[in-house]
Amino acid sequence: MSLDQPNTALDPRCPSGPLAERWTKHLSEIKLVAPANKRKHTIIVVGTGLAGGSAAATLAELGYNVINLCIQDSPRRAHSVAAQGGINAAKNYQNDGDSVWRLFYDTIKGGDFRSRESNVHRLAEVSTEIIDQCVAQGVPFAREYGGTLANRSFGGVQVSRTFYARGQTGQQLLLGCYSGLMRQVDAGRVTLLPRREMLELVLVDGKARGIVARNLITGELERYAGDAVLLATGGYATAYYLSTMAVNSNASAVWRCYKKGAFFGNPSLTQIHPTAVPQLGDYQSKLTLMSESLRNDGRVWVPMQPGDKRRPNDIPEAERDYYLERIYPSFGNLVPRDIASRQALYRVREGKGVGPTGVAVYLDFKEAIGRLGRQVVTDRYGNLFQMYEEIIGDDPYETPMMIYPAPHYTMGGLWVDYNLMSTIPGLHVLGEANFSDHGANRLGASALMQGLADGYFVAPNTVGHYIASVDLPKVGTDHPAFAAAEREVNARVTKLLSIQGNRTVREFWWDIGRVMWDQVGMSRSEAGLKEAIDTIQGLKARFWEDVRVPGSADDFNKSLELAGRVADFFELGELMARDALARRESCGGHFREECQTPEGEALRDDANFAHVAAWEYRGDDTEPARHIEPLDFEFVELKTRSYK
Amino acid sequence: MLDLRAAAWSSVGKKLITGLTGLGLVVFVTVHLIGNLTIFMGAEAFNAYSDFLASLLHGWFIVLADLGLVGFFGLHAWSGLSVWQSKRRARSSGYAVSADARGPSRKTASSRSMLYSGIFLGIYVVLHVWHLKFGAEYVTTLHGEEVRDLYRLVVEQFNRPAIALAYALSMLFLGLHLRHGVWSMLQSLGMLNRRLLPTAYGAALILGGLLAIGFLVLPLYVLFFVDPVGTAAAMGGLR
Amino acid sequence: MHFTLRIWRQSGPQAAGRLERYEIDDINPDMSILEMLDLLNEQLTRDGVEPVAFDNDCREGICGTCGLVIDGVAHGKKHLATTCELRMRGFVDGTTITIEPWRAQAFSVVKDLVVDRSPFDRIIAAGGYVSANVGSAPDANEILIPKVDADLAMDAAVCIGCAACVAACPNASASLFTAAKIAQFSYLPQGQTERERRVVRMVEQMDAEGFGDCSNHGECEAVCPKGISITNIGVMRREYVRALTGQLR
Ligand SMILES: Cc1cc2nc3c(=O)[nH]c(=O)nc-3n(C[C@H](O)[C@H](O)[C@H](O)COP(=O)(O)OP(=O)(O)OC[C@H]3O[C@@H](n4cnc5c(N)ncnc54)[C@H](O)[C@@H]3O)c2cc1C
Ligand code: FES
């Protein structure tokens with residue numbers, strides 16, 4: 001199918017042939033833009049996280065003109081900065097039997113067989129080049145005494161392939177990427193536009209040719225025209241209100257594109273991370289992640305008796321239920337994220353939850369301190385313990401930590417083909433914003449890898465292919481499509497400010513978050529999802545009648561920013577519930593109560609659901625259409641994940 | 001690529017100048033104090049020392065040293081003033097409430113008052129030079145040669161309580177300036193690492209203190225323990 | 001808990017600002033200070049008053065977006081913490097808390113407590129990078145780096161760019177920020193070819209932005225949420241001397 005037609009048939013455009021040769025073959029077959037012509041093309045990159053920042057810098061290195069926007073005041077603050085644990089790569093530096101195939105297989109299996117083989121294999125292939133690139137940029141990864149790179153094992157896999165920089169891997173990778181970006185800004189090839197929020201996509205002749213963004217300082221609407229638009233706007237777990245994401249994380253950019261015709265892939269697939277600091281009260285604005293590595297030495301337990309209000313140290317060994325060790329004797333506390341999270345939920349439902357709210361479980365280091373000594377525990381987890389103590393006010397050396405799952409990553413996102421192009425020609429989607437290579441569940445340390453793979457190695461090639469393949473007549477910001485898009489944005493902004501109702505934006509955000517967490521969270525049922533759709537529709541209607549947005553449209557107005565994002569969460573939340581309802585199987589992070597084994601384990605349905613669901617917007621008053629992209633597994637055999 | 005003049009004007013260049021000139025001045029002050037301690041050994045030793053300096057390199061040493069000192073003082077003052085000026089520009093409106101961060105901070109009364117203690121010391125130096133270097137030219141004989149009787153002048157002057165006290169007081173400002181200045185010049189020259197910094201910070205307190213106390217004791221010692229008339233008599237009377 | 005808040009309100013860069021007084025009740029000691037401000041803003045919105053603008057994003061101390069001068073100290077009196085990490089249990093019930101924006105000529109106030117820190121980006125653009133195009137990198141283990149050097153580089157690299165150093169410096173100097181980046185690369189074999197150019201250009205840009213000079217007060221280190229040492233400023237000066245003497249060679 002030609003690249004300038006909307007890809008509504010969901011053709012993944014994967015190359016054929018042996019899996020390991022596909023990417024190389026693709027690279028040698030795709031079209032190139034002549035060096036002298038590159039500077040005649042402008043590419044708009046939305047987002048400066050690992051995905052957006054790396055793409056913007058690399059495209060500029062190649063010679064394109066790049067416009068790069070972000071919401072924060074500096075590209076260095078994109079939420080990639082918060083990643084702690086590490087980044088995977090199939091370097092096999094530890095000689096422990098790792099390989100590209102093994103990383104590929106672990107990722108496919110970890111994703112519960114709901115991702116595309118070709119994409120995942122490519123990801124595993126370029127993973128090694130990512131590390132080379134980052135080291136060349138001066139990212140200070142952890143080292144051994146001999147000067148070689150250090151690795152650790154992460155997220156329950158059997159090899160040590162995770163590269164890290166203390167507990168700040170995301171920060172260091174992002175700063176590396178940012179420095180490369182700033183170098184191009186200095187060279188005049190990237191126009192950097194911080195404190196801008198993309199609020200509309202501009203289509204000309206069916207192709208993505210520009211955007212309308214709001215200048216968050218002056219409130220002005222600005223138009224940017226280009227030959228391709230790259231979205232790298234991150235995840236949308238903020239739809240749950242409380243999550244490990246940044247407070248400015250949002251779905252608005254992808255949502256605008258969805259409403260302009262881009263299909264939304266697997267919107268309901270969300271990763272709920274098992275080890276976050278639990279919620280303490282309604283005032284709370286954020287759930288802080290406690291690195292997964294804590295489960296390497298900590299033991300998870302709850303009291304055996306429901307409603308046991310004794311202090312943890314007063315509960316004798318015999319009255320504690322180390323439930324992960326009990327249910328999964330071979331993996332114990334190291335079961336994958338989705339399983340650990342769900343089991344915590346069950347304990348809380350059984351009334352065995354701990355802490356002041358009863359919505360938490362213990363993560364206990366007493367045994368580890370006894371076995372390893374306090375010093376070793378401090379070396380491994382000291383900073384996390386300190387962080388915890390700061391938030392909760394308890395000392396984890398003395399009292400077991402309280403943890404509870406928190407929304408953490410969205411596997412869902414805009415549907416893209418092998419070239420990372422959405423169903424709209426020219427609109428490419430990178431990083432967490434696309435429906436990603438992680439299937440139904442992401443492995444630890446793989447999101448950073450994917451963001452950089454997309455930005456450094458995939459998009460710079462495939463975007464060039466697109467530009468070289470289609471006819472792109474000059475389009476300026478005076479084109480009527482820009483004026484029309486600007487009018488749409490203006491109308492929304494004006495509407496939001498004109499309501500002046502009785503409830504604040506935050507109250508509505510809190511409400512939608514509650515519904516999402518309760519009904520579209522770790523455990524989902526048909527009845528609950530249907531109820532959620534109703535409730536959300538009701539909330540949305542109420543929002544547009546009763547929200548109060550203070551301030552004006554023409555200056556710095558956080559409430560207005562937030563209002564626009566929350567308005568989108570209602571629509572997205574509804575779509576997430578619909579997607580969850582339609583997927584009548586349990587897979588990875590998606591658990592349907594109707595679909596479980598007698599022991600309460602997830603029951604996948606490969607016969608009916610080995611596919612990507614891609615949703616098409618058909619108007620505010622019409623239900624969206626669910627399309628499918630079947631997943632062909634040519635190289636791996638579908639297996640049931642078992643961690644018993 | 002790097003224009004030396006621009007480099008000197010840069011914020012780091014200015015720090016290097018402050019540090020280098022500061023280092024020079026600290027060395028000078030230290031040598032000066034050690035030399036001055038000869039006053040405890042009596043007139044002969046003190047005058048011999050001053051004559052030694054005056055006749056070194058056929059008298060050229062003093063000229064060169066003076067020129068050098070004027071240069072160092074000038075540059076030190078210029079860079080200090082320009083740091084202060086840049087600060088006024090860079091923080092044109094201040095905080096309604098300000099407090100110290102404490103912890104590893106090295107901000108002290110000394111560091112905050114560098115400009116003022118510096119200006120004070122500048123004025124002091126001018127007065128001091130005018131007062132003693134260009135003071136009364138008494139003459140005495142030493143080993144058969146006529147030399148300047150600086151000892152007499154010093155003793156005479158420091159026997160006036162107001163002058164002795166003014167000198168002693170000024171030396172408190174020297175201590176104040178050196179408390180921050182000594183470690184800071186090393187830091188400005190990039191000579192400290194994590195291990196050395198705390199040591200240098202402590203050493204600065206000691207060195208600054210010693211220099212200030214040394215200079216402070218001199219006028220007081222003369223005031224209380226050295227008799228001007230007696231001295232004059234011992235030296236063979238007035239001429 | 002109950003607090004009286006005195007908060008800097010300023011409608012725009014050119015406007016005059018002033019401290020406004022607000023009373024706030026029912027503060028949970030486990031709340032963060034930003035959550036308290038959220039609550040205040042809810043209250044103000046309901047009362048028809050424009051909420052207080054303040055910058056924040058990750059709310060876990062890593063993005064460097066937040067930054068308030070609290071009772072005269074950048075990021076508050078607690079050491080090694082960003083503003084978003086401060087919990088109300090660290091404040092005395094019933095007291096008055098004064099909250100002001102970072103103040104420096106180089107950072108204009110955008111609104112209320114929000115300032116423009118773009119000078120930091122320009123300092124990095126002037127040389128805070130290694131020129132390594134994608135595709136040209138050798139195998140990562142071909143560049144051996146002693147653990148000691150990697151650790152030193154990391155100690156400097158943890159800077160979150162929050163600009164508390166500038167806010168706290170009596171001279172509003174950006175030396176700690178600039179030096180941290182220069183020091184990181186000085187410890188690493190990567191980017192050696194542009195070492196001299198880097199320090200000269202970054203210092204030049206820092207000066208051009210209108211930051212003050214450094215007087216070695218060390219307040220920057222004391223407020224730095226990541227504890228970056230002022231010895232990095234020493235490294236910057238050494239690098240500068242190196243560039244100067246390289247010039248003479
Ligand atoms: C606490 C935490 C810890 C994690 N730890 C790990 C880990 O150890 N390993 C791992 O592999 N993964 C980890 N992850 C996941 C990983 O960090 C993210 O998935 C990844 O960094 C996302 O990168 P990104 O570039 O897609 O998006 P982001 O980094 O989120 O960047 C999004 C960008 O888009 C911009 N943007 C968004 N909307 C708009 C708009 N409308 N207009 C303009 N700009 C917009 C933002 O300003 C920002 O610049 C973690 C995630 C969290 C939350
Ligand atoms: S909000 Fe990110 S550091 Fe405070």
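Hydrogens, waters and symmetry mates play no part in the numbers below; they use all other heavy atoms, side chains included. A note on names: the letters A, B, ... follow the listed sequences, proteins ahead of strands, and every chain is numbered from 1.
For the set C:Glu100, C:Glu239, C:Arg201, the count of heavy-atom pairs under 4.5 angstrom toward chain B peaks at C:Glu100. Of the listed residues C:Val199, C:Val223, C:Ile230, the one with more heavy-atom pairs under 4.5 angstrom with chain B than any other is C:Ile230. Highest contact tally toward chain B, considering only C:Ser215, C:Gly210, C:Gly227, C:Cys224, is held by C:Ser215 [criterion: heavy-atom pairs under 4.5 Å]. For the options B:Gly19, B:Gly103, B:Gly80, heavy-atom pairs under 4.5 Å to chain C are most numerous at B:Gly103. When B:Lys14, B:Gln85, B:Met114, B:Arg106 are compared by the number of non-hydrogen pairs under 4.5 Å with chain C, B:Arg106 comes out ahead.
Put simply, the side chain of B:Arg91 gets close to the backbone of C:Cys169: a donor and an acceptor are under 3.5 Å apart. Using a distance-only test at 3.5 Å, with no hydrogens or angles considered, a donor-acceptor pair links the side chain of C:His79 to the main chain of B:Ala101. No donor-acceptor pair closer than 3.5 Å links the side chain of B:Tyr95 to the backbone N or O of C:Asp71. Side chain of B:Lys87 to main chain of C:Ala172: no donor-acceptor pair is present (N/O by atom type, distance under 3.5 Å, no hydrogens or angles).
In this structure, C:Arg237 and B:Ser188 have side chains that are in contact, with non-hydrogen atoms separated by less than 4.5 Å. The shortest distance between side-chain heavy atoms of B:Leu16 and C:Leu244 falls below 4.5 Å. Looking at heavy atoms from C-beta onward, C:Gln105 lies out of side-chain contact with B:Arg89 at the 4.5 angstrom threshold. For the pair C:Val73 and B:Arg102, the minimum side-chain heavy-atom distance is 4.5 Å or more. Proximity of C:Asp207 to B:Val12: side-chain heavy atoms (C-beta onward) are nowhere separated by under 4.5 Å. Residues C:Pro170 and B:Lys107 have side chains in contact (heavy-atom distance under 4.5 Å, counting atoms from C-beta outward). Within the 4.5 Å cutoff, the side chain of C:Arg103 has no heavy atoms near those of the B:Ser92 side chain. Counting heavy atoms from C-beta on, the side chains of C:Ile233 and B:Gln187 come closer than 4.5 Å.
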For C:Arg238 and B:Leu189, what are the C-alpha separation, side-chain angles and deciding distance, and is it a side chain to side chain contact (heavy atoms under 4.5 Å, CB included)?
CA-CA 7 Å; C:Arg238 280 206 294 279; B:Leu189 295 174; over 6 Å; no
After noting the C-alpha distance and the side-chain angles of B:Lys15 and C:Asn216, does the key distance pass the side chain to side chain contact (heavy atoms under 4.5 Å, CB included) rule?
CA-CA 10 Å; B:Lys15 271 338 264 185; C:Asn216 301 329; 4.1 Å; yes
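There is no contact between B:Thr108 and chain C, counting heavy-atom distances below 4.5 Å. Residue C:Ala74 does not touch chain B at all, counting heavy-atom pairs closer than 4.5 Å. Both the backbone and the side chain of B:Arg112 come within less than 4.5 Å of a heavy atom in chain C. When heavy atoms are compared at a cutoff of 4.5 Å, C:Val69 approaches chain B solely by way of its side chain, counted from C-beta outward. Heavy atoms of B:Trp84 lying under 4.5 Å from chain C are absent altogether.
Residue B:Tyr221 places its OH atom among more than 12 non-hydrogen atoms of other residues, nucleotides or ligands, all under 6.0 Å distant. In this structure, B:Phe40 places its CZ atom where more than 12 heavy-atom neighbours from other residues, nucleotides or ligands lie under 6.0 Å away.
Checked options B:Ser10, B:Ser79, B:Ser11; the residue passing with C:Asp213 is B:Ser11 (criterion: side chain to side chain contact (heavy atoms under 4.5 Å, CB included)).
Heavy-atom minimum distance, C:Gly212 versus B:Ala90: N-CB, 3.2 Å. Across all their heavy atoms, B:Leu197 and C:Thr231 have their closest contact at CD1-CG2, 3.7 Å.
Judged purely by distance below 3.5 Å, without hydrogens or angles, the side chains of C:Asn171 and B:Ser86 never pair a donor atom with an acceptor atom.
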